[in-house]
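Data first, discussion second: the structure below is written as C-alpha cells.
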Amino acid sequence: MKKILMMTLFAIVAMAAYSQEYVTVIVADATGTPTNIRNAPNGKVVCQLDPDGSYTVDLISVKNGWWKIAPEVEEWGDDEKTIPLKGSTTGYWIHSSVLDFGISGEQDNAVHVAPSEKSKLVKLPCSLFDMTITPIEKKGKWLKFTAKSGKNTITGWIHNDRICFNPLTTCP
C-alpha cells in the first residue's frame, strides 16, 4: 500500500512539474485550409487540424518562429476531446503565424516589459481584438509576444494565468 501511495504521489508531482512549463494558446489559422503540425520546423506534416475545428495547443519551446508543442491537441466545442499526436519521434511543431490568445485580468490592456510580476507595465495602443498577436518566446509560464495593429507594434510579456484561450468569450 505504501509503495502504491508513493508511486501515485511521484506521478502527480512529475505531472505537475511537467505541466507548469506549458503555455496554452489558440490555434487560429485564418487561411481556411487545414493547419499543419510537423515533425520539425519546416518538416514533414504528421497531422492536419480541420479548419472548421477549435483547438488549443500547449507551447513548449520556440525555434525560428516554429513552436514545439505538447504531444496532444485539445479540440473543444460540442465534442470536447483530446487528440493524441502520432507519427513523430522528434516532437511536434506548429508555426507561430497560426497561434493567438487573449488577455484577461485587471489590466486587460497592459503587459509586462520582462517576465516578472515586478517588471514595468506597458499599455497596449489598442484592444487586442484589433491586433495581430504572435507569440515569440517562452520562459516558464511567461509568454513574450508582439502585437501589431496598423503602424502600432508592441512587444511584451504576459503570465500564463492571464492568457485567455477561448476565442468565443472575453475571458473571466
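All values derive from a computational prediction rather than experimental measurement. Note that these values count all heavy atoms, side chains included, but never hydrogens, waters or copies made by symmetry.
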Quick one: [atom1] on [X] to [atom2] on [Y], what's the gap to the nearest 0.5 Å?
X      : Y      : atom1 : atom2 : value
Ser116 : Trp157 : OG    : CH2   : 11.0 Å
Asp100 : Phe145 : CG    : CZ    : 10.5 Å
Lys148 : Thr155 : NZ    : OG1   : 8.5 Å
Trp76  : Thr82  : CH2   : OG1   : 13.5 Å
Tyr92  : Glu72  : OH    : CD    : 11.0 Å

What pair of heavy atoms forms the shortest contact from [X] to [Y], and how long is it?
X      : Y      : answer
Gly140 : Val23  : O-CG2, 3.9 Å
Ile83  : Tyr55  : CD1-CE2, 3.9 Å
Pro115 : Lys139 : CG-CD, 4.0 Å
Trp67  : Pro135 : NE1-O, 3.2 Å
Ala70  : Tyr22  : CB-OH, 3.4 Å
Ser119 : Ala114 : OG-O, 3.0 Å

If you group Ile, Leu, Val, Met, Phe, Trp and Tyr by side-chain heavy-atom gaps below 4.5 Å, do [X] and [Y] land in one group?
X     : Y     : answer
Val73 : Val46 : yes
Trp93 : Ile60 : no
Leu85 : Leu59 : yes

**Q.** Which residues share a ring-ring contact (aromatic ring centres under 6.0 Å, His included) with Trp66, sequence neighbours left out
**A.**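 For Trp66, the residues satisfying ring-ring contact (aromatic ring centres under 6.0 Å, His included) (neighbours in sequence not counted) are His95.
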Q: Look at atom CG of Asp79 and say whether more than 12 heavy atoms of other residues, nucleotides or ligands are closer to it than 6.0 Å.
A: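 For Asp79, atom CG is not crowded (no more than 12 foreign heavy atoms under 6.0 Å).
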Could you go through residues 31-45 and list every donor-acceptor pair under 3.5 Å that involves a side-chain atom there, pairing it with any protein atom two or more places apart or in another chain?
residue, atom, partner, partner atom, Å
Thr31, OG1, Asp29, OD1, 2.7
Thr31, OG1, Thr33, N, 3.3
Thr31, OG1, Thr33, OG1, 2.7
Thr35, OG1, Asp29, OD2, 2.9
Asn36, OD1, Gln48, NE2, 2.8
Arg38, NH1, Gly43, O, 2.7
Asn39, OD1, Lys44, N, 2.8

Q. Checking side-chain contact (heavy atoms from CB on, under 4.5 Å) against Val57, which of Leu99, Thr24, Ile26 comes through?
A.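 Among Leu99, Thr24, Ile26, the one meeting side-chain contact (heavy atoms from CB on, under 4.5 Å) with Val57 is Leu99.
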Side-chain heavy atoms of [X] within contact of [Y], under 4.5 Å:
X      : Y      : value
Val62  : Ile136 : no
Lys68  : Lys63  : no
Ile158 : His112 : no
Leu143 : Phe101 : yes

Q.
Checking the side chain of Thr134 only, and the main-chain atoms of Thr146 only, is there a donor and an acceptor separated by less than 3.5 Å?
A.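 Between the backbone of Thr146 and the side chain of Thr134 there is no qualifying donor-acceptor contact (under 3.5 Å).
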